Trainee: 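Here it is, the structure in full.
Reckoned from all heavy atoms, side chains included, excluding hydrogens, waters and symmetry mates. Every chain is numbered from 1 and lettered A, B, ... according to where its sequence line falls, protein lines coming before strand lines. Given the structure is predicted, the values throughout are model-derived calculations rather than measurements.
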Amino acid sequence: MKQEIKELVLTALKCLEEKRGIEIKELPLFTIEVPKVEEHGDFATNVAFMLTKSFKASPRQIAEQIIECLPKCNWLERVEVAGPGFINFFLKENAWQQIVKRILKQKEDYGRGEVKGIKVLVEFVSANPTGPLHIGHGRGAAVGDSLANILDFAGYDVQREYYINDRGRQMQILGYSVYLRYLELVGEHRDFPKECYQGDYIKDLARELYEKEGLKYKEMPEAEAVSKISQCAGQKILDDIKETLKIFGVGFDNWFSEKSLYEESKVKRLLQWLKEQGLAYEKDGALWFSSSRFGDEKDRVLIKADGTMTYFASDLAYHKNKMERGYDLLVDIWGADHHGYVARVKAGVKAMGFDPKKLQILLIQLVHLKRGGVPVAMSTRAGEFIPLKDVLDEVGKDAARFIFLTRSCDSHLDFDLEVAKSQNMENPVFYVQYAHARVCSIEKMAQERGISFPELLKIDLSPLIEPEEIRLMKLLAQFPEVIEGASRSLEPHRLPYYLTELAGEFHRYYNKHRILGVAEEVSQARFALAQAVKIVIKTGLSLLGVTAPQQM
RNA sequence: GCGCCCGUAGCUCAGCAGGACAGAGCAACGGACUUCUAAUCCGUCGGUCGGGGGUUCGAAUCCCUCCGGGCGCGCCA
């Protein structure tokens with residue numbers, strides 16, 4: 001709809017140019033938008049403001065001239081100049097009714113963007129397999145998964161990937177932690193160091209190991225035992241992570257192993273190449289990457305003096321690999337506590353000869369878990385974090401996902417378990433679902449009363465003229481733009497806000513007007529409108545990974 | 001000290017590539033169920049958009065600065 005208005009304006013501009021002999025030097029970046037106030041029409045444009053220089057006239061005068069040149073259009077009621085020079089467009093009712101028709105025709109494809117031919121890789125969660133997912137990972141998972149859904153729906157070619165840090169020091173510590181707990185079980189007590197993983201899940205892993213394998217690991221050399229246990233425990237934890245993600249409705253196309261980068265010598269070859277290019281140098285027994293030459297505040301270590309690789313070395317090889325797989329855009333979703341890492345990875349990408357604009361890093365702010373307004377104690381040091389799985393068990397997937405998404409990534413998020421369970425507007429997930437269920441309920445009631453409706457596309461929509469109906473149709477018309485905006489800006493939170501608004505508009509309508517039990521033509525038209533609402537809510541919720549129940 | 005994010009109604013947050021008088025929910029108060037689910041709806045109350053400069057026809061939005069809060073600044077991840 002917006003696009004069509006834009007075309008009209010562009011035609012008018014061209015006509016004006018010829019008529020007045022005025023040359024518009026550069027096509028202005030004007031906008032078409034839906035005004036906040038209804039008196040300002042259905043759409044408005046600021047184009048006149050942009051042309052004051054070319055035309056050497058006041059915005060109002062220019063606006064008048066543009067209106068004169070607007071082509072005739074059968075769905076336009078009137079166009080007027082308002083305020084300091086806005087052009088307001090008022091549409092005929094049947095223009096909005098067309099939207100309902102379009103939705104009923106396209107069904108779950110309404111809002112889907114045209115295939116853009118842009119390959120995107122969204123990498124998210126990527127939690128180390130050294131412990132269960134916690135609530136912060138949950139936010140990243142919800143945002144990443146929904147963003148990927150939205151991008152896909154908007155017409156991008158999307159892949160989802162989880163990067164597994166399945167090697168390195170953390171994995172060693174994991175193996176050692178489980179080893180120590182295992183030794184305790186078989187009667188050998190040693191100090192349990194602070195840097196080891198403190199959580200109870202370590203004890204569970206040790207117990208499982210003991211029950212399955214007996215004394216096997218006690219009898220082998222420590223180094224061998226730790227290495228074997230590390231691998232085995234990492235796998236177990238990864239399985240557990242996968243299970244939690246499954247419950248959460250999050251899936252990946254690819255699980256990328258950090259270890260594989262080493263097995264294929266990718267890290268080694270990259271470091272060699274960096275050295276040859278003069279981008280890496282040795283100092284104090286370590287190998288350094290000259291990241292400061294590419295915008296980072298200082299150089300970074302790739303190989304430590306003890307000969308081990310930093311994670312940063314792997315990360316560079318990983319990003320090189322991702323770029324070489326031919327993506328047009330890489331989206332990395334990280335916790336905000338990693339923001340210090342952004343500059344160095346971007347520097348690396350630039351140094352390796354890739355366009356750093358192709359890498360978008362989304363930082364997700366912290367989640368504060370609360371219960372009834374009181375913070376839930378979370379001490380990572382003691383390993384006393386609440387696993388995501390427990391939160392899902394308590395509040396359910398739908399509420400959790402919706403809450404994680406109903407906030408800009410830049411904002412800290414208070415996740416209150418009581419609120420997540422409550423069924424009021426503090427927790428809008430039910431509000432949106434309820435609107436969907438209400439439409440289903442109307443269908444059911446119609447069936448019970450033996451009312452049958454004609455084929456939806458054949459229904460005459462002209463009775464839809466109530467202000468609440470027009471408003472509802474206008475909102476439905478915005479859905480494709482919401483998708484477009486959310487994908488372009490990588491801001492999935494726009495969608496839940498839109499859905500809440502749409503649900504609200506429907507609830508209002510439902511309370512004021514009846515769908516069944518009114519004159520037949522009216523009833524049919526309203527039923528068709530309700531179906532359109534149902535389709536959009538269902539599509540929107542599914543993009544968020546939230547179910548749309550038939551009944552509540 | 002440096003860097004990133006945040007500061008909008010009593011509370012939790014939106015504000016859509018700067019646009020017309022700043023929005024929603026909660027809380028408070030007052031209303032609406034013999035008719036499609038009241039998990040709903042309607043109304044009232046509530047804001048010098050942290051302060052100050054600047055750019056612009058026009059700023060919550062962009063720039064500078066100051067103040068507050070969070071996070072990060074390792075040859076840890």
Side-chain angles (χ1 to χ4, degrees), chain A residues 29 31 33-37 39-40 44-46 48-49 52 58-59 82-86 88 128 130 165 168-170 173 195 283-288 297-298 300-308 310-312 315 335-343 363 365-366 368 373 406-414 416 419 422-431 433-435 437-446 448-449 451 478 481-482 484-486 488-489 491 493-494 496-498 500-501 503-504 506-518 523 526-527 530 551-552:
Chain A
L29 283 170
T31 57
E33 48 191 49
V34 179
K36 284 180 214 158
V37 190
E39 290 79 66
H40 293 151
T45 180
N46 60 356
F49 295 101
T52 48
S58 78
F86 292 98
N88 294 341
N128 289 357
T130 52
N165 292 112
R169 189 169 149 72
Q170 294 306 309
I173 293 175
E195 61 271 23
K283 193 183 96 186
D284 302 331
L287 184 70
W288 296 72
E297 55 180 308
K298 55 184 167 187
R300 308 288 173 177
V301 171
L302 295 163
I303 305 178
K304 294 183 258 179
D306 67 4
T308 58
T310 60
Y311 275 62
F312 179 53
D315 284 342
D337 51 340
H338 287 71
H339 76 252
Y341 226 68
V342 173
L363 296 172
Q365 294 297 323
L366 294 184
H368 301 289
T406 315
R407 207 128 298 170
S408 145
C409 294
D410 290 333
S411 279
H412 289 207
L413 169 62
D414 286 338
D416 195 308
V419 172
S422 67
Q423 299 178 340
N424 54 39
M425 265 304 280
E426 262 183 289
N427 189 24
V429 63
F430 298 116
Y431 184 80
Q433 288 180 318
Y434 188 45
R438 271 185 152 169
V439 179
C440 296
S441 166
I442 292 165
E443 291 166 36
K444 204 174 135 204
M445 185 53 68
E448 278 172 26
R449 293 189 191 170
I451 305 167
Q478 284 177 28
E481 291 149 26
V482 171
E484 173 61 29
R488 188 194 55 234
S489 60
E491 290 178 352
H493 75 274
R494 293 187 193 190
Y497 273 95
Y498 168 78
T500 308
E501 202 184 337
F506 180 73
H507 286 311
R508 234 184 312 283
Y509 177 57
Y510 181 94
N511 267 275
K512 188 156 179 191
H513 301 286
R514 298 199 57 77
I515 291 164
L516 303 179
V518 290
S523 178
R526 289 181 176 174
F527 184 77
Q551 193 183 326
M552 290 174 71

Trainee: A14(B) C1' sits how many Å from Met425(A) CE, rounded?
Mentor: 12 Å
Trainee: Is there aromatic stacking of Tyr497(A) on A14(B) here, judged by a ring-centre distance under 5.5 Å and a plane angle under 30°?
Mentor: no
Trainee: If you look at every strand shown and take non-hydrogen atoms under 4.0 Å, does Ala44(A) touch a base, only sugar-phosphate, or nothing?
Mentor: base
Trainee: Within the 4.0 Å heavy-atom criterion, would you say Thr308(A) contacts the bases, only the backbone, or no part of the nucleic acid?
Mentor: nothing
Trainee: Heavy atoms from C-beta onward define the side chain here; which of A39(B), C36(B), C73(B) lies closest to that of Lys298(A)?
Mentor: C73(B)
Trainee: What's the closest nucleotide to the side chain of His507(A) if the choices are C21(B), C41(B), C6(B)?
Mentor: C41(B)
Trainee: Can you see if the side chain of Ser411(A) gets near the phosphate of A14(B) - specifically, an N or O under 4.0 Å from OP1 or OP2?
Mentor: yes
Trainee: Rounded to whole Å, please give me the gap between CD1 in Ile303(A) and P in G74(B).
Mentor: 20 Å
Trainee: Counting side-chain heavy atoms from C-beta on, which of A20(B), C5(B), A77(B) comes nearest to Gln365(A)?
Mentor: C5(B)
Trainee: Ignoring hydrogens and geometry beyond distance, is the side chain of Asn46(A) in donor-acceptor contact with the base of G19(B) at under 3.5 Å?
Mentor: yes
Trainee: Would you say the side chain of Asn88(A) and the base of A20(B) hold a donor-acceptor pair, judged only by whether the two atoms sit under 3.5 Å apart?
Mentor: yes
Trainee: C13(B) C1' sits how many Å from Tyr498(A) OH, rounded?
Mentor: 20 Å
Trainee: Between C73(B), C36(B), C41(B), which one does the side chain of Tyr510(A) approach most closely?
Mentor: C36(B)
Trainee: Between Leu516(A) and Arg449(A), does the side-chain contact (heavy atoms from CB on, under 4.5 Å) criterion hold? Intermediate values first, please.
Mentor: CA-CA 10 Å; Leu516(A) 303 179; Arg449(A) 293 189 191 170; 3.9 Å; yes
Trainee: Please name the nucleotide paired to U55(B) by Watson-Crick or G-U wobble geometry with both distances under 3.5 Å, or report none.
Mentor: none
Trainee: Using a cut-off of less than 4.0 Å, is there contact between a side-chain N or O of Lys304(A) and OP1 or OP2 of C76(B)?
Mentor: yes
Trainee: So, OP1 or OP2 of A17(B): does either fall under 4.0 Å of a side-chain N or O from Arg488(A)?
Mentor: yes
Trainee: For the pair made of CG in Leu302(A) and P in C75(B), what is the distance, rounded to whole Å?
Mentor: 12 Å
Trainee: Within the structure shown, what part of the strands sits under 4.0 Å from Gln551(A) by heavy-atom distance: base, sugar-phosphate, or nothing?
Mentor: base
Trainee: Could you state the CG-P distance from Asn165(A) to C76(B), rounded to the nearest angstrom?
Mentor: 15 Å
Trainee: For C41(B), which nucleotide is its Watson-Crick or G-U wobble mate, given both distances must be under 3.5 Å?
Mentor: G31(B)
Trainee: Is the cationic atom of Arg438(A) (NZ for Lys, CZ for Arg) positioned less than 6.0 Å from the six-membered ring centroid of Tyr510(A) and within 45 degrees of its normal?
Mentor: yes
Trainee: From the list A39(B), C6(B), U35(B), which nucleotide is the closest neighbour of the side chain of Tyr434(A)?
Mentor: A39(B)
Trainee: Mind running side-chain contact (heavy atoms from CB on, under 4.5 Å) on Phe86(A) and His40(A) for me, showing each step along the way?
Mentor: CA-CA 9 Å; Phe86(A) 292 98; His40(A) 293 151; over 6 Å; no
Trainee: For the pair made of CZ in Arg514(A) and C1' in A32(B), what is the distance, rounded to whole Å?
Mentor: 14 Å
Trainee: Between Lys512(A) and C42(B), is there a side-chain N or O to OP1/OP2 distance below 4.0 Å?
Mentor: no
Trainee: Which way is the base of C33(B) turned, syn or anti, if we draw the line at 90° from 0?
Mentor: syn
Trainee: What contact category does Ala343(A) fall into here, base, sugar-phosphate, or nothing, at under 4.0 angstrom with non-hydrogen atoms?
Mentor: nothing
Trainee: Is the distance from OP1 or OP2 of U40(B) to the nearest side-chain N or O of Arg438(A) less than 4.0 Å?
Mentor: no
Trainee: What does Met552(A) touch in the nucleic acid at a heavy-atom separation under 4.0 angstrom: a base, only the sugar-phosphate, or nothing?
Mentor: base
Trainee: Show the nearest heavy-atom pair for residues Glu195(A) and Ile173(A), with the distance to one decimal.
Mentor: O-CG2, 3.5 Å
Trainee: May I ask you to say what His412(A) touches in the nucleic acid, namely base, sugar-phosphate or nothing, with a heavy-atom cut-off under 4.0 Å?
Mentor: sugar-phosphate
Trainee: In the structure shown, which nucleotide is the Watson-Crick or G-U wobble counterpart of A60(B), with both distances under 3.5 Å?
Mentor: none
Trainee: Considering only side-chain heavy atoms of Asp337(A), which listed nucleotide, C42(B), U12(B), C71(B), is closest?
Mentor: C71(B)
Trainee: Classify the nucleic acid contact of Asp416(A) as base, sugar-phosphate or nothing, counting any heavy atom under 4.0 Å across all strands shown.
Mentor: nothing
Trainee: When we call it a touch if two heavy atoms are under 4.0 Å apart, what does Val37(A) touch: a base, just sugar-phosphate, or nothing?
Mentor: base
Trainee: What do the steps show when you test Leu302(A) against Trp288(A) for side-chain contact (heavy atoms from CB on, under 4.5 Å), and what is the final call?
Mentor: CA-CA 6 Å; Leu302(A) 295 163; Trp288(A) 296 72; over 6 Å; no
Trainee: Tell me which nucleotide among C13(B), C5(B), A20(B) gets nearest to the side chain of Arg407(A).
Mentor: C13(B)
Trainee: Report the base-pairing partner of G25(B) (Watson-Crick or G-U wobble, both distances below 3.5 angstrom), or none.
Mentor: C11(B)
Trainee: For Arg494(A) and Ser489(A), which I'm curious about, is there any donor-acceptor pair between the side chains at under 3.5 Å?
Mentor: yes
Trainee: Give a yes/no answer on whether the side chain of His493(A) brings an N or O atom under 4.0 Å of OP1 or OP2 in G15(B).
Mentor: yes
Trainee: Between Asp306(A) and Thr308(A), does any side-chain donor sit less than 3.5 Å from a side-chain acceptor?
Mentor: yes
Trainee: Name the nucleic acid region contacted by Ala82(A), choosing base, sugar-phosphate or nothing; use a 4.0 angstrom heavy-atom cut-off, strictly under.
Mentor: base
Trainee: Classify Arg494(A) by what it touches in the nucleic acid, base, sugar-phosphate, or nothing, heavy-atom distance under 4.0 Å.
Mentor: sugar-phosphate
Trainee: What's the closest nucleotide to the His339(A) side chain, out of G3(B), U35(B), C73(B)?
Mentor: G3(B)
Trainee: Which value, in whole Å, describes the distance between the C1' atoms of nucleotides G3(B) and G15(B)?
Mentor: 28 Å
Trainee: Remember a base hit wins even if backbone is also touched, and classify Tyr431(A) as base, sugar-phosphate or nothing at under 4.0 Å, heavy atoms.
Mentor: sugar-phosphate
Trainee: In this structure, how many angstroms lie between the C1' atom of C13(B) and the CG atom of Asn424(A), rounded?
Mentor: 15 Å
Trainee: Going from CD on Gln433(A) to CD on Gln551(A), what distance comes out if it is rounded to the nearest 0.5 angstrom?
Mentor: 13.0 Å
Trainee: Expressed as a whole number of angstroms, how long is the span from Asn511(A):CG to A39(B):C1'?
Mentor: 12 Å
Trainee: Tell me, with the steps shown, if Thr500(A) and Met425(A) meet side-chain contact (heavy atoms from CB on, under 4.5 Å).
Mentor: CA-CA 10 Å; Thr500(A) 308; Met425(A) 265 304 280; 4.2 Å; yes
